[in-house]
Amino acid sequence: MSTPRWFSETSETHSQWYVERFRTLAAEGADLTGEARLVDAVVKPGSRVLDAGCGPGRIAGELHRRGHRVTGVDVDPVLIEAAELDHPGPVYRVADLAELDLGEERFDAAVCAGNVLVFVAPGTESRVLARIAAHLVEGGKLLVGFRLDRDYALDELDGDARVARLELVQRFATWDLDPFVEGADFAVSLFRRI
């Protein structure tokens with residue numbers, strides 16, 4: 001299996017910088033919960049949510065505070081350690097999403113925020129979507145957001161999603177539901193497992 005771009009396209013100190021960046025933003029009062037608000041809006045109270053590529057846990061932690069049962073997964077042990085420290089409550093696991101296997105556990109929803117799909121190993125995007133979809137209940141929702149200036153295009157996402165039995169429900173340009181228009185530099189896609 002090839003190395004995730006999170007490691008191959010960043011410096012050795014990137015993970016710790018990323019942790020400190022979000023700690024600083026939180027201390028400054030920045031709004032860091034937009035993704036969690038959207039997930040919360042599309043699921044029932046007390047849902048089981050998978051934060052796939054959870055990073056330092058800001059979304060998982062907020063979803064937990066909102067009453068959901070959350071599992072956060074990330075390939076980077078530095079980020080998982082920060083998540084456990086800064087956002088206790090969810091269950092956190094170190095795992096490569098391309099090989100995700102949480103046994104029989106199934107989720108009502110999953111979220112891939114923070115450009116997760118453009119940081120996985122090249123060529124594994126379809127496998128990542130399939131592994132996440134395999135952990136969703138029928139009708140379960142998946143929210144995916146990433147910048148569109150990377151090596152993974154929306155038509156590739158949509159094709160990989162169809163193969164993973166994920167149906168596109170809606171697409172936005174931001175986590176705050178701005179309409180998606182041609183030329184947008186970011187996309188948030190809501191899928192449903194069929």
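What you see is a predicted model; the values in this text were computed from it and never measured.
When the side chains of ILVMFWY residues are joined at heavy-atom separations under 4.5 Å, either directly or via intervening members, V75 and V19 end up in a single hydrophobic cluster. Under a hydrophobic-cluster definition in which Ile, Leu, Val, Met, Phe, Trp and Tyr are linked whenever side-chain heavy atoms come within less than 4.5 Å, directly or via other members, V70 and L142 are assigned to different clusters. Residue L168 is grouped with residue L157 when hydrophobic side chains (ILVMFWY) are merged at heavy-atom distances under 4.5 angstrom, including chains of intermediate members. A chain of hydrophobic side-chain contacts below 4.5 Å, direct or via other Ile, Leu, Val, Met, Phe, Trp or Tyr residues, connects L148 to V120. Using a 4.5 Å cut-off between side-chain heavy atoms of Ile, Leu, Val, Met, Phe, Trp and Tyr, with links allowed through other members, L117 and I132 fall into the same hydrophobic cluster.
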Does the pair L100 and H135 meet the rule for a side-chain contact (heavy atoms from CB on, under 4.5 Å), with working shown?
-> CA-CA 9 Å; L100 185 64; H135 287 80; 3.8 Å; yes
Could you check N115 against Y152 for side-chain contact (heavy atoms from CB on, under 4.5 Å), going step by step and ending with a plain yes or no?
-> CA-CA 11 Å; N115 292 305; Y152 191 57; over 6 Å; no
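A side chain to side chain donor-acceptor pair (under 3.5 Å) check over residues 73-86, counting only residues at least two apart or in different chains, returns the pairs W6-D76, S15-D76, R23-D86.
With H68 contributing its side chain and S47 its backbone, the two residues share a donor-acceptor pair below 3.5 Å. Side chain of R131 to backbone of E99: no donor-acceptor contact under 3.5 angstrom is found. Judged purely by atom type and a 3.5 angstrom limit, D31 uses its side chain to pair as donor or acceptor with the backbone of T33. Checking side-chain atoms of E28 against main-chain N and O of A26 turns up no donor-acceptor pair under 3.5 Å. The backbone N or O of A98 lies less than 3.5 Å from a partner atom in the side chain of R127, making a donor-acceptor pair.
For R162 and F191, the positive end is not near the middle of the six-membered ring at less than 6.0 Å and at most 45° from its axis.
Partners of D155 according to the salt bridge (Lys or Arg N to Asp or Glu O under 4.0 Å) rule, which considers only residues two or more places apart in sequence or in another chain, do not exist here. A search for salt bridge (Lys or Arg N to Asp or Glu O under 4.0 Å) contacts involving D178 returns nothing, not counting sequence neighbours.
The two residues H87 and P90 make their nearest non-hydrogen contact at O-CD, 3.3 Å. The two residues P122 and S2 come nearest to each other via the heavy atoms O-OG, 3.8 Å.
With a 4.5 Å cut-off between side-chain heavy atoms of Ile, Leu, Val, Met, Phe, Trp and Tyr, the cluster of V137 takes in none.
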Residues 179-189 side chain polar contacts: donor-acceptor under 3.5 Å, at least two apart:
unit_1, atom_1, unit_2, atom_2, d
S189, OG, R171, NE, 2.8
S189, OG, R171, NH2, 3.1

Which pairs would a plain distance check flag for residues 49-64, meaning a side-chain donor or acceptor within less than 3.5 Å of a matching protein atom at least two apart in sequence or in another chain?
unit_1, atom_1, unit_2, atom_2, d
D51, OD2, A60, N, 3.1
R58, NH1, L32, O, 2.9
R58, NH1, E35, OE1, 2.9
R58, NH1, E35, OE2, 3.4
R58, NH2, E35, OE2, 2.9
E62, OE1, R65, NE, 3.3
E62, OE1, R65, NH2, 3.3
E62, OE2, R66, NE, 2.9

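Atom OH in Y18 sits 13.0 Å away from atom CD in Q16 (nearest 0.5 Å). To the nearest 0.5 Å, atoms NZ (K141) and CD (E167) are separated by 11.5 Å. Taking CG from D151 and CD from E125, the interatomic distance works out to 8.5 Å, rounded to the nearest 0.5 Å. How far CG of L136 is from CD of E138: 11.5 Å, rounded to the nearest 0.5 Å. To the nearest 0.5 Å, atom CG of residue L177 and atom CZ of residue F172 are 4.5 Å apart.
Between I80 and R93 there is no side-chain heavy-atom pair separated by less than 4.5 Å.
Looking at D176 and R37, a side-chain N of the basic residue comes within less than 4.0 Å of a carboxylate O on the acidic one, giving a salt bridge.
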